[in-house]
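Read the structure below first, then the notes.
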Amino acid sequence: MIRSSENSENKLPKQIAKKDLARAIASSAQEAYLVLDGELNYIEANAQFLHTFQFQDKAKAISEINHGDGIFNDLKDLLAGKLSLHKNIENSEISIKSTHRSFGRFKVNASKTQDPELILVSFSAVSKDEDENLENFNDIFSQAPAMMCVLRGPEHVFEKVNKNYFNVVGQRDILGKPVREALPELEGQGFYEMLDGVYNSGKAFIGNEIPVKLQSDTDQSENSFLDFVYQPIFDSNKEVKGIFVHAIDITEKVLAKRRLEQSENDLRNVIDAVPAIIWITGADGLNNYLNQKWFEFTGQSAGVVKNFGWLEAVHPEDRDRVKREFKKASNERLVFHESFRLRNKEGEYRWVLDTGSPKFNAEGKYEGMIGMVIDINEEKQKERLISEKEHRIRSIIEEADVATALYTGKEMRIAMANDAMVNLWGKDKSVIGTTLHEALPELEGQPFHDLLQGVYATGETYWGKEDPVDLMIDNKLQTGYFNFTYKALRNENGEIYGILNMAIDVSEMVRSKEQLKDSESKYRQMADLMPEKVCNIDASGKLIYFNQGWLEFTGLSKKDFETKNLEDFIHPSEKEEFLESWQQSLKTGKDFEMEVRFLNKKGKYRWHLNRAEAIFDDNGNIQIWICMATEIQKIKAEEKRKEDFLKLVSHELKTPVTSIKGYVQLLLNLLKKKKDGELSGIPLETSLQRIDQQVVRLTRLISEMLDLSRIEKNKLVLQKENFSINELVTETIQDISYTNSEYNIRIEEDHQARIYADRDRIGQVLINLVTNAIKYSPQNQDIKVRIHKSGKNKVAVSVIDSGMGIDKENQKKIFKRFYRIDFKNEDTYSGFGIGLYLANEIMKRHKGKISLESEKGKGSIFTFSLDEASNHLQSN
Ligand code: ADP
């Protein structure tokens with residue numbers, strides 16, 4: 001501030017130019033400074049002046065001041081008025097302005113020097129802000145919704161109080177009073193001390209939600225709450241002169257907040273009481289609340305669960321998944337739904353289901369997630385059991401050799417089919433998921449769709465046994481045979497939802513059964529055709545099968561035969577032995593063989609060779625006996641004949657030998673008596689004839705037997721030659737006639753022929769036939785031997801007798817070995833029954849034929865025929 005001084009004025013040297021002086025004064029001043037002359041014309045101004053009043057240079061200032069439009073008019077008036085009275089101007093406030101420009105209000109000090117005459121003017125701006133703020137402040141102050149007051153001095157005297165403050169404190173007369181006096185109820189609430197603190201320290205104090213109890217409060221129990229600022233007010237010396245108080249009543253807000261807290265608290269209590277774990281996370285996904293149940297369940301402490309600490313209780317195998325899924329849900333604000341194993345405080349892991357949803361506040365801002373954890377261990381366990389069971393069943397079905405499929409719904413959709421079933425169908429796995437109609441169109445027209453629908457409707461299981469099924473396999477419709485089931489499947493409500501189909505391919509079995517049946521029937525047919533008697537007997541000895549042979553033999557019906565035992569037909573003399581031996585075989589399984597006589601339908605016993613053989617099963621047990629009885633009556637008869645033959649042979653040999661011996665003895669005795677060796681009177685001729693006859697007979701007997709043995713050993717050698725059959729017949733008949741003079745044997749030669757044959761053998765045949773004709777024609781002695789033609793190039797010899805003849809039955813048999821017709825008086829016709837057999841054998845070896853025509857009682861014609869020799873030679 002420039003102070004004009006009388007002294008300095010007086011001491012100014014005269015010679016100093018007005019202007020220089022003015023410059024020195026102006027430039028030394030800090031505030032805007034103007035120097036005028038006595039006529040109020042410009043002499044000098046400092047830079048501050050030029051700046052303050054926005055003159056670009058001094059010339060502008062001069063022109064304005066000396067000739068200006070009136071910015072400084074008011075100043076000039078003031079100066080002219082005061083200074084003319086020789087008074088200094090001190091701190092006069094004037095506005096510096098023109099009609100279109102205003103520089104604000106200034107405090108002006110001015111004084112006048114005499115020699116030189118200078119008017120010194122300083123300007124200091126009255127702060128425009130301060131000025132306006134004050135006005136504004138007053139407005140705000142009084143109108144502000146906040147409580148405001150200004151307290152002065154250490155006693156905090158109410159200097160200024162706004163309307164709101166009055167409202168809050170209750171329209172009391174507090175202006176000009178110290179706080180302690182004006183608001184005595186604040187005693188003990190700490191405000192006085194706070195104010196003292198601010199006043200003494202000069203530091204502002206900010207209080208938040210500070211409770212205050214004022215007398216004006218109607219409800220004494222309730223506090224009001226204030227947010228406030230105690231702001232110290234300083235004077236120009238930077239010393240505290242008062243406190244500006246700015247307070248806002250936030251009672252409503254605090255109470256609302258308290259209520260919210262309360263209700264949140266209540267909610268927490270409720271949540272804690274809920275029998276489930278409840279959690280809340282923030283928008284960052286970090287856990288900020290877990291109810292009591294969590295801690296009870298996991299035994300975790302509150303400190304541990306923070307952030308992702310709760311994951312510590314999750315099973316290590318599930319942890320990463322749960323964390324990942326939770327973070328995803330939290331970040332993307334999605335519903336969270338995971339089940340996992342959670343360790344309880346006993347250390348046991350239990351399955352839980354954790355579900356959470358994003359939560360948003362009233363403004364729609366995402367605030368995090370809220371969720372719930374429930375123990376689903378039991379269910380999970382059940383589910384696991386079920387799925388294990390299902391898995392087991394599935395794998396059993398998959399692995400099973402038994403073809404298995406599962407159809408669901410009425411449309412029979414193939415829900416499952418194992419490899420075995422798919423193979424059986426001749427399809428591949430692609431049929432799964434299709435309906436049976438689609439998968440196996442070839443079933444159309446077969447009974448299976450209807451059967452399935454039936455099972456689906458009634459729930460009654462269908463058992464197929466060896467049912468034929470036509471399936472398209474390798475593009476060919478092929479018939480297979482299956483044992484299978486259609487079994488209805490029911491859900492827990494008992495409703496049918498599908499059908500389980502299990503099938504076993506028994507085609508091979510059916511086919512082999514058919515084959516077996518076939519071969520069995522063939523066997524039966526064969527057995528029935530067999531002349532042998534066949535039967536099957538089980539291990540216990542029971543008759544279970546017999547063939548037609550038995551029925552024919554016994555003349556019984558099938559029904560009657562079934563009631564019989566084999567022993568019932570056995571001859572009493574063999575029965576005992578049969579039963580004993582058969583029982584032995586039944587016991588041991590050893591083959592059985594015995595010759596027994598069975599009674600036939602004619603009441604006759606027939607010899608049979610009875611054989612039985614056991615068939616064993618894999619375990620070595622007797623399954624069945626196969627028995628066969630072969631009739632051996634003929635063999636037996638032949639055996640008998642052989643026996644008889646031997647008897648005969650010995651008898652036949654004995655007779656001639658005894659006879660020869662007798663004659664020889666007789667002759668010897670007679671010779672002894674005739675001492676002189678006289679032969680007269682001794683029947684020498686007849687005796688020798690008899691001996692000779694017997695020797696011939698013996699010779700024939702022996703040669704026949706030799707021939708027989710030769711033939712049996714196939715050692716009969718033919719000495720063939722070409723000879724006349726006529727000659728042979730003539731010679732032979734001559735010989736026979738010689739010894740059988742009583743017989744009239746005629747030869748009829750209708751044909752002449754030569755043959756190529758063994759002459760002796762053919763002769764032997766002829767002798768045999770003629771001697772038989774003689775032997776068996778005791779009553780009629782006429783015998784004819786006829787040589788005749790028989791067919792082309794064949795010659796035949798017939799021996800014709802009118803003897804006893806042979807009945808039809810025996811006509812063929814007589815050519816057999818040892819066969820002799822049974823006569824009542826056997827001794828009459830001696831013989832062995834080998835003559836015709838030999839004759840037949842000799843003819844066979846000559847490719848000739850022997851035949852017989854005969855009628856019992858009337859005679860017989862035996863004819864043999866041979867190729868003629870010419871024919872033979874030609875062919876040779
Ligand atoms: P045998 O030595 O008994 O005569 P054969 O083989 O020659 O043996 O004859 C067999 C049987 O045929 C005789 O036992 C007899 O019964 C019968 N037989 C053979 N020839 C005649 C015939 N001409 N007339 C009647 N029966 C005959």
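Atoms within each ligand, like the ligands themselves, are counted from 1 in listed order. Predicted model only: the values in this text are computed from it and were never measured.
Where the criterion is an N or O separation shorter than 3.5 Å, residue side chain and backbone included, Met804 fails it with respect to ligand 1. Residue Asn772 has at least one N or O atom closer than 3.5 Å to an N or O atom of ligand 1. For ligand 1, the polar-atom distance check against Asp801 finds a nitrogen or oxygen pair separated by under 3.5 Å. Where the criterion is an N or O separation shorter than 3.5 Å, residue side chain and backbone included, Gly805 fails it with respect to ligand 1.
Residue-environment remark: NZ (Lys849) stays at or below the threshold of 12 foreign heavy atoms within 6.0 Å. Other residues, nucleotides and ligands contribute only 12 or fewer heavy atoms inside 6.0 Å of the CZ atom of Arg611.
No salt bridge links Lys816 with Glu638; every basic N to acidic carboxylate O contact stays at or beyond 4.0 Å. No salt bridge links Arg511 with Glu508; every basic N to acidic carboxylate O contact stays at or beyond 4.0 Å.
Taking the ring centroids of His846 and Phe864, they lie at or beyond the 6.0 Å cut-off. In this structure, Phe569 has its ring center closer than 6.0 angstrom to the ring center of Phe561.
Atom numbering of ligand 1 starts at 1 in the shown order; those under 4.0 Å from a heavy atom of Asn768 are 7 (O). Every atom of ligand 1 with a heavy atom of Ile834 under 4.0 Å away is listed here by number and element: 6 (O), 8 (O). Interface of Lys775 with ligand 1, defined as ligand atoms under 4.0 Å from a residue heavy atom, comprises 1 (P), 2 (O), 4 (O). Of all atoms in ligand 1, numbered sequentially from 1 with element shown, those under 4.0 Å from a heavy atom of Phe862 are 20 (N), 21 (C), 22 (C), 23 (N). Atoms of ligand 1 found under 4.0 Å from any heavy atom of Gly833, numbered from 1 in the order shown, are 1 (P), 2 (O), 3 (O), 6 (O), 8 (O).
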Show your reasoning for whether salt bridge (charged side-chain N to carboxylate O under 4.0 Å, His left out) applies to Asp750 and Arg786. CA-CA 7 Å; Asp750 296 347; Arg786 197 171 150 241; 2.7 Å; yes
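Look at Ser860 and you'll find a heavy atom under 4.0 Å from some atom of ligand 1.
Without hydrogens or angle criteria, Thr479 side chain to Pro468 main chain gives no donor-acceptor distance under 3.5 Å.
Proximity of Ile821 to ligand 1, defined as any heavy-atom pair under 4.0 Å, is shared by backbone and side chain alike.
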